[in-house]
Amino acid sequence: MSKNSYASEINAAKLMVAGLKAKSDRVAKRGISGDFTSKLDTLQSDARSLDNEQEALKSRLKEKTAELEKKMKEMKKMMSEANKAVKLEMEKESWKEFG
């Protein structure tokens, strides 16, 4: 069971709108009016804009994740040094004071 991507569903709606406009006289017999086609066109356009915005947000999230991972790596390295210093310099009973 495969799910179509948003982009492929939006593209399918765009093609449908083009087809409905081209054959409006024939599909009107089945209740597909110009208003229906216009609304579907607006919906696919709005969905495309939202999909593009979502992709941009995903990109920014990946950038922030990479930035966070870099900071975490640096922090862990410093924590390791601090732990070693505490364990070498302090009595075992006082280690809890340092976390």
Pairwise side-chain contact, Lys14 with Arg48, heavy-atom cut-off 4.5 Å (strictly under):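 Lys14 vs Arg48: side chains touch.
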
Checklist line | Residue pair Thr37 / Asp41, side-chain heavy-atom distance below 4.5 Å | finding: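 A side-chain contact is absent here, since even the closest heavy-atom pair is not under 4.5 Å.
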
Quick one: CD1 on Ile10 to CG on Leu15, what's the gap to the nearest 0.5 Å?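 Here the interatomic distance stands at 12.5 Å.
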
**Prompt:** CD of Gln54 to CG of Leu61: how many Å apart, nearest 0.5 Å?
**Reply:**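 Spacing of CD (Gln54) from CG (Leu61) equals 11.0 Å.
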
Which residues satisfy the side-chain hydrogen bond (donor to acceptor under 3.5 Å, both in side chains) test with Lys62, sequence neighbours excluded?
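Lys62: no side-chain hydrogen bond (donor to acceptor under 3.5 Å, both in side chains) contacts found.
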
List for me each residue that meets side-chain hydrogen bond (donor to acceptor under 3.5 Å, both in side chains) alongside Glu9, sequence neighbours excluded, and say none if there are none.
->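 By the side-chain hydrogen bond (donor to acceptor under 3.5 Å, both in side chains) rule, Glu9 matches no residue at all.
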
request  = Take atom OH of Tyr6 as the centre, draw a 6.0 Å sphere, and report whether it contains more than 12 heavy atoms from other residues, nucleotides or ligands.
outcome  =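 Count not over threshold, so no.
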
Members other than Leu57 in its cluster, when Ile, Leu, Val, Met, Phe, Trp, Tyr link by side-chain heavy atoms under 4.5 Å?
->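 Leu57 shares its hydrophobic cluster with no other residue.
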
| After noting the C-alpha distance and the side-chain angles of Glu67 and Lys64, does the key distance pass the salt bridge (charged side-chain N to carboxylate O under 4.0 Å, His left out) rule? | CA-CA 5 Å; Glu67 190 178 329; Lys64 284 296 176 184; 3.5 Å; yes

Query - Set of side chain to side chain contact (heavy atoms under 4.5 Å, CB included) partners for Ser5, sequence neighbours left out - result: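 In terms of side chain to side chain contact (heavy atoms under 4.5 Å, CB included), with neighbours along the sequence ignored, Ser5 is linked to Ala7, Ser8.
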
Acceptor/donor pairs from residues 27-35 side chains to any protein atom, 3.5 angstrom cut, sequence neighbours excluded:
residue : atom : partner : partner atom : Å
Ser33   : OG   : Asp35   : N            : 3.4
Ser33   : OG   : Phe36   : N            : 3.2

Handout entry: Atom of Val86, atom of Trp95 and distance for their closest heavy-atom approach
Key =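 What the structure gives for the nearest pair is O-NE1, 3.7 Å.
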
Please tabulate, one pair per line, all N/O donor-acceptor pairs under 3.5 Å involving side-chain atoms of residues 70-79, not counting sequence neighbours.
none

